[in-house]
2 protein chains.
Amino acid sequence: MHELEDLKDAGLKVTLPRIKVLEVFRSAKTRHLSAEEVYHRLAAQQADIGLATVYRVLTQLEEASMLARNTFNAGKAVYELNEGKHHDHLICLDCGRTEEFNDPTIEKRQKVVAESFGYALRDHQLALYGYCPDCAAKRAKG
Amino acid sequence: MHELEDLKDAGLKVTLPRIKVLEVFRSAKTRHLSAEEVYHRLAAQQADIGLATVYRVLTQLEEASMLARNTFNAGKAVYELNEGKHHDHLICLDCGRTEEFNDPTIEKRQKVVAESFGYALRDHQLALYGYCPDCAAKRAKG
DNA sequence: AACGATATTGAGAATTATTCGCGACAGCCG
DNA sequence: CGGCTGTCGCGAATAATTCTCAATATCGTT
């Protein structure tokens with residue numbers, strides 16, 4: 001439970017909503033959850049936590065580097081536990097299944113590109129979209 | 001004006017809103033424009049085109065591959081003329097200035113990564129964020 | 001050049017995702 | 001255990017985008 005320490009280190013009080021939200025992520029099969037999804041899961045387990053609070057907590061946990069935020073190509077943000085190791089995503093256009101990957105070559109080139117423009121690279125977002133093996137097969141027939 | 005032909009090829013009628021929206025992009029200094037920005041520019045030149053129409057036209061022109069859509073990390077979409085050559089973006093976190101680049105190595109690795117997961121790559125989105133030379137200098141002092 | 005089937009538009013209401021404002025309440029330092 | 005303050009829940013407020021529908025414009029056909 002050193003997560004409670006992480007909260008304190010971020011200057012956040014250890015409150016029920018924050019603990020519960022982290023629990024939801026720890027016990028979720030799906031890695032990426034939207035605010036609405038987190039809210040529903042909390043409601044399902046009788047935790048009476050408002051949607052506005054969920055949004056606030058997600059933002060705070062992201063600022064505390066405990067969660068990572070992604071918007072992919074859609075109109076809503078999803079969060080995932082930040083377990084230290086950075087990674088990018090490969091997303092199936094049909095079923096939404098996502099794979100995580102980290103390609104050192106790509107990472108390296110990004111830095112090179114930024115430097116070639118005189119920029120100090122701070123962050124980046126890379127998402128690959130395609131069809132997963134299963135969906136590709138389904139599409140092949142129709 | 002082969003753009004009018006492009007419209008027809010996409011099964012779209014050649015209408016004033018569509019022509020005007022394309023004009024806005026062709027004559028804009030800033031490459032990336034949001035729906036709201038396009039709407040205001042049209043209003044400024046007395047073209048009485050509704051915001052809903054702007055949204056519809058942008059979507060259609062994107063489907064016709066005449067515009068490319070990007071969401072970057074923010075809550076709203078921006079569009080730019082699609083001039084055939086694909087590119088990714090490098091964006092300044094301070095002033096919003098954007099640079100376009102295309103790195104063959106990165107493109108190649110993306111395909112390799114997707115294939116290693118058995119995915120058929122269809123699209124991707126890569127945005128690098130950092131500080132441009134000017135803003136980096138400003139930040140250095142304070 | 002007018003006709004009419006059909007695609008398109010404008011205006012505002014409706015949705016969706018997220019944030020704000022504020023009175024009530026709960027952590028936490030002493 | 002007693003506040004000082006950070007937090008919470010709720011509903012209203014925003015922001016971005018889409019939908020509804022009656023009015024209108026486009027374009028292939030006369």
Side-chain angles (χ1 to χ4, degrees), chain A residues 1 3-24 32-64 66-67 69-79 96, chain B residues 1 3-24 32-64 66-67 69-79 96:
Chain A
M1 298 305 135
E3 275 165 344
L4 305 192
E5 285 311 314
D6 291 341
L7 282 175
K8 285 184 190 160
D9 290 352
L12 297 171
K13 288 183 177 173
V14 178
T15 67
L16 213 115
R18 287 168 187 156
I19 295 169
K20 291 282 186 185
V21 167
L22 285 171
E23 266 179 32
V24 165
H32 299 91
L33 299 174
S34 67
E36 199 78 20
E37 285 166 343
V38 171
Y39 174 67
H40 282 126
R41 290 176 191 217
L42 290 171
Q45 64 182 68
Q46 339 298 330
D48 230 3
I49 296 175
L51 181 55
T53 298
V54 171
Y55 273 102
R56 277 185 295 233
V57 170
L58 290 177
T59 304
Q60 293 157 345
L61 295 182
E62 192 213 346
E63 281 164 359
M66 299 174 70
L67 293 182
R69 171 188 155 113
N70 272 98
T71 46
F72 298 141
N73 65 1
K76 67 178 166 185
V78 294
Y79 293 80
Chain B
M1 295 303 137
E3 274 165 347
L4 306 191
E5 286 310 316
D6 291 342
L7 282 175
K8 287 183 189 161
D9 291 352
L12 297 172
K13 288 182 177 173
V14 177
T15 67
L16 212 115
R18 287 170 187 154
I19 295 170
K20 290 282 186 186
V21 167
L22 284 170
E23 266 179 33
V24 165
H32 300 91
L33 299 175
S34 67
E36 200 78 21
E37 285 165 342
V38 171
Y39 174 67
H40 282 126
R41 289 177 191 217
L42 289 170
Q45 62 182 69
Q46 340 296 331
D48 229 3
I49 297 174
L51 181 56
T53 298
V54 171
Y55 273 102
R56 276 185 297 234
V57 170
L58 291 176
T59 305
Q60 293 158 345
L61 294 182
E62 192 213 347
E63 281 165 359
M66 300 174 69
L67 293 181
R69 171 188 155 112
N70 272 99
T71 46
F72 298 142
N73 65 359
K76 69 179 166 186
V78 293
Y79 293 81

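Throughout, protein chains are lettered first and strands after them, A, B, ... in sequence-line order, and every chain is numbered starting at 1.
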Side-chain N,O (A:Thr15) to OP1/OP2 (D:dC8) below 4.0 Å
yes
d(A:Thr59 OG1, A:Leu67 CG) to nearest 0.5 Å is 10.0 Å
Take the protein atom CG of A:Leu51 and the nucleotide atom P of C:dT18, then report the distance between them rounded to whole Å.
9 Å
Which one, C:dT18, D:dT17, C:dT19, comes nearest to the side chain of B:Ala35?
D:dT17
Select base, sugar-phosphate, or nothing to describe what B:Lys13 touches, counting heavy atoms under 4.0 Å on all strands.
base
Student check: side-chain heavy atoms of A:Lys20 and A:Val24 closer than 4.5 Å:
no
Please state whether the base of C:dG27 and the side chain of A:Arg18 form at least one donor-acceptor pair under 3.5 Å?
no
By nearest heavy atom, map B:Tyr39 and B:Leu12 onto DNA chain C; which one lands nearer the 5' end?
B:Leu12
C:dA17 C1' sits how many Å from A:Leu58 CG, rounded?
13 Å
Hey, does A:Ile49 reach any base, or is it just sugar-phosphate, or nothing, if we go heavy atoms under 4.0 Å?
sugar-phosphate
Quick one: are B:Thr71 and A:Asn73 in side-chain contact, heavy atoms under 4.5 Å?
no
Using side-chain heavy atoms (C-beta onward) and a distance below 4.5 Å, is A:Leu58 in contact with A:Arg69?
no
What is the distance from NZ of B:Lys76 to C1' of C:dT19, rounded to the nearest Å?
16 Å
Separation of D:dC27 P from B:Asp9 CG (nearest whole Å)
13 Å
Using whole Å, what does the distance between atom C1' of nucleotide C:dA26 and atom CG of A:Leu7 come to?
15 Å
Is there a side-chain contact between A:Tyr55 and the phosphate of C:dT18, meaning an N or O under 4.0 Å from OP1 or OP2?
yes
Whole-Å distance separating the NZ atom of A:Lys20 from the P atom of C:dA26:
16 Å
Check the distance between D:dA23's C1' and B:Asp48's CG and give it to me in whole angstrom.
15 Å
Taking atom CG of A:Asn70 and atom CD of A:Glu62, what is their separation to the nearest 0.5 Å?
9.0 Å
Under 4.0 Å between any heavy atoms, over every strand shown, what does B:Leu16 touch: base, sugar-phosphate, or nothing? Just pick one.
nothing
If I take atom CD1 in residue B:Ile19 and atom P in nucleotide D:dC27, what distance separates them, rounded to the nearest angstrom?
9 Å
Give a yes or no on whether a donor-acceptor pair under 3.5 Å exists between the nucleobase atoms of D:dG9, that is its base, and the side chain of A:Arg56.
yes
